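Presented below is the structure to which this report refers.
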Amino acid sequence: MSHPTRREVLGLGAALAVAPLAARAASHAVHEIVIENFAFTPAELTMQAGDRVRFVNADGAPHTATAGNGSFDTGRLNRGQAAELRISEPGTYDYFCAIHPRMKGSIIAT
């Protein structure tokens, strides 16, 4: 019968200490909002604070996703480009396209 060495026991302890951190980081979802036909789809997204949002431009025209309160801005996204951001704080984030201001959407972080 073999007993673990002190080094093996310490290594296992370090691995167990890191595992909850990795599980917590992996639990945050990534939500996708597609920009197409001069619209954000979905136009309203409800998610958990801490999750990430990925804006994907599938339209022929360039677009942005710019928060009305200035908290985020994807910058100009050309066809096929994407930008990802984290919404850390709970709240409602209304956004629009700075190039085409009639395009609007909302993210609700709970």
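All heavy atoms count here, side chains included; hydrogens, waters and symmetry mates do not. Since the structure is predicted, the reported quantities are computational estimates derived from the model, not experimental observations. For this chain, numbers begin at 1 and follow the sequence in order.
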At their closest point, which heavy atom of Ala49 faces which heavy atom of Glu89, and how far apart are they?
CB-C, 4.0 Å

Quick one: do Phe38 and Val34 end up in the same hydrophobic cluster if we chain Ile, Leu, Val, Met, Phe, Trp and Tyr together by side-chain heavy atoms under 4.5 Å apart?
no

How would you list, by chain and number, every residue that makes a salt bridge (charged side-chain N to carboxylate O under 4.0 Å, His left out) with Glu32, sequence neighbours excluded?
Arg54

Would you mind telling me which of Asn57, Ile35, Val53, Thr64 makes a side-chain contact (heavy atoms from CB on, under 4.5 Å) with Thr74?
Thr64

Check: residues 81-88 side-chain donor-acceptor pairs under 3.5 Å, at least two apart:
unit_1 : atom_1 : unit_2 : atom_2 : d
Gln81  : OE1    : Asn78  : N      : 2.6
Glu84  : OE2    : Arg52  : NE     : 2.7
Arg86  : NH1    : Gly50  : O      : 2.4

What donor-acceptor contacts under 3.5 angstrom involve side-chain atoms of residues 103-110, with partners at least two apart or in another chain?
unit_1 : atom_1 : unit_2 : atom_2 : d
Ser106 : OG     : Asp94  : OD1    : 3.1
Thr110 : OG1    : Met47  : O      : 3.3
Thr110 : OG1    : Gln48  : NE2    : 3.2

For Phe40 against Ala65, the heavy-atom pair lying closest together:
CE2-CB, 4.2 Å

Search all heavy atoms of Thr66 against all heavy atoms of Ala98 and return the closest pair with its distance.
OG1-CB, 3.9 Å

Main chain of Ser71, side chain of Asn69: is a donor-acceptor contact present, judged purely on distance under 3.5 Å?
yes

Could you tell me how the ring of Tyr93 sits relative to the ring of Phe72: parallel (under 30°), tilted (30 to 60°) or perpendicular (over 60°)?
tilted

Going by the rule side chain to side chain contact (heavy atoms under 4.5 Å, CB included), which residues pair with Pro42 if we only count those two or more places apart in sequence or in a different chain?
Ile33, Leu45

Pairs touching residues 58-77 that satisfy salt bridge (Lys or Arg N to Asp or Glu O under 4.0 Å), sequence neighbours left out:
none

side-chain hydrogen bond (donor to acceptor under 3.5 Å, both in side chains) partners for Thr41, two or more places apart:
none

What's the shortest heavy-atom distance between Ala61 and His63, and which atoms?
O-CD2, 3.2 Å

